[in-house]
Amino acid sequence: MIESLPRREREVFETLCRLEAGTAAGVRAALSDPLSDSAVRTLLSRLEAKGLVERTPGPDGFRYSPVQRTEAVAAGALRRMIDTFFAGSAASAATALLGLGQRLTPEEAAALERIIDQSVERKP
């Protein structure tokens, strides 16, 4: 569903997912390419009408939050990135991420090793 959203709706939705919840002004401030206040409100209303965002009253006005779990949205976004930039290869994407130079903690390295061990094809 997220993949079929127009670019600006997807950008607003992904920004809201990153924030986990926020007002229209908060979403607007977090956008990399800010829109007008009315445009952000319109896009949030469209997302609400599509069942992707819920709106609740708050002290600073309405607060918006994604209906879908952030993990599900992140998985879809990651899948699109892997398909687009790494020809569908999760291994190539992981190699590129690890090549960015950030050091892994021992816990992160152990978690990666477990996932790799589980993902390796075994010969019968």
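Note that the structure is predicted; figures quoted are calculated from it, not measured.
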* Begin from the C-alpha positions of E14 and R80 and carry the test salt bridge (Lys or Arg N to Asp or Glu O under 4.0 Å) through to its verdict. => CA-CA 13 Å; E14 289 174 351; R80 283 192 311 278; 2.7 Å; yes

* Please walk me through it: do S32 and E11 pass side-chain contact (heavy atoms from CB on, under 4.5 Å)? -> CA-CA 9 Å; S32 59; E11 181 183 2; 3.5 Å; yes

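Judged as a side-chain hydrogen bond (donor to acceptor under 3.5 Å, both in side chains), and not counting sequence neighbours, T84 has no contacts. Evaluation of the salt bridge (Lys or Arg N to Asp or Glu O under 4.0 Å) rule for R46 yields E9 as partners, not counting sequence neighbours. A search for side chain to side chain contact (heavy atoms under 4.5 Å, CB included) contacts involving A29 returns nothing, not counting sequence neighbours. In this structure A94 satisfies the side chain to side chain contact (heavy atoms under 4.5 Å, CB included) test with no other residue, sequence neighbours excluded. With sequence neighbours left out, E54 forms a salt bridge (Lys or Arg N to Asp or Glu O under 4.0 Å) with no residue at all. Considering only residues two or more places apart in sequence or on other chains, T23 meets the side chain to side chain contact (heavy atoms under 4.5 Å, CB included) condition with A25, D60, R63. Scored by the side-chain hydrogen bond (donor to acceptor under 3.5 Å, both in side chains) test, T56 finds no partners at all (sequence neighbours excluded). For the side chain to side chain contact (heavy atoms under 4.5 Å, CB included) test, residues two or more places apart in sequence or in another chain that qualify with S89 are A91, S92.
Sequence neighbours left out, the pairs with a member in residues 81-95 that pass salt bridge (Lys or Arg N to Asp or Glu O under 4.0 Å) are R79-D83. Within the structure, the salt bridge (Lys or Arg N to Asp or Glu O under 4.0 Å) test picks out no pair touching residues 106-116 (sequence neighbours left out). Residue pairs satisfying the salt bridge (Lys or Arg N to Asp or Glu O under 4.0 Å) criterion with at least one member in residues 22-42, sequence neighbours excluded, are listed as follows: R8-D33, D37-R41. Counting only residues at least two apart or on different chains, no salt bridge (Lys or Arg N to Asp or Glu O under 4.0 Å) pair has a member in residues 86-103.
Only one option out of T42, L43, L44 pairs with V40 in a side-chain contact (heavy atoms from CB on, under 4.5 Å); it is L44.
Here the closest non-hydrogen pair linking A30 and R18 is O-NH2, 3.4 Å. The minimum heavy-atom distance linking P66 with F13 is given by the pair CB-CE1, 3.9 Å. Pairing each heavy atom of L47 with each of L5, the nearest pair is CD2-CD1, 3.9 Å. Contact between I82 and A90 at its shortest, heavy atoms only, is CG2-N, 3.9 Å.
Of the inter-residue distances, the one linking R10 atom CZ with S4 atom OG reads 9.0 Å to the nearest 0.5 angstrom.
The side-chain heavy atoms of V27 and Y64, taken from C-beta on, include no pair separated by under 4.5 Å. Residues L52 and L16 are not in side-chain contact: their nearest non-hydrogen atoms beyond the backbone lie 4.5 Å or more apart.
Hydrophobic clustering keeps L98 apart from I116 (ILVMFWY residues linked when any side-chain heavy atoms are closer than 4.5 Å, directly or through intermediates).
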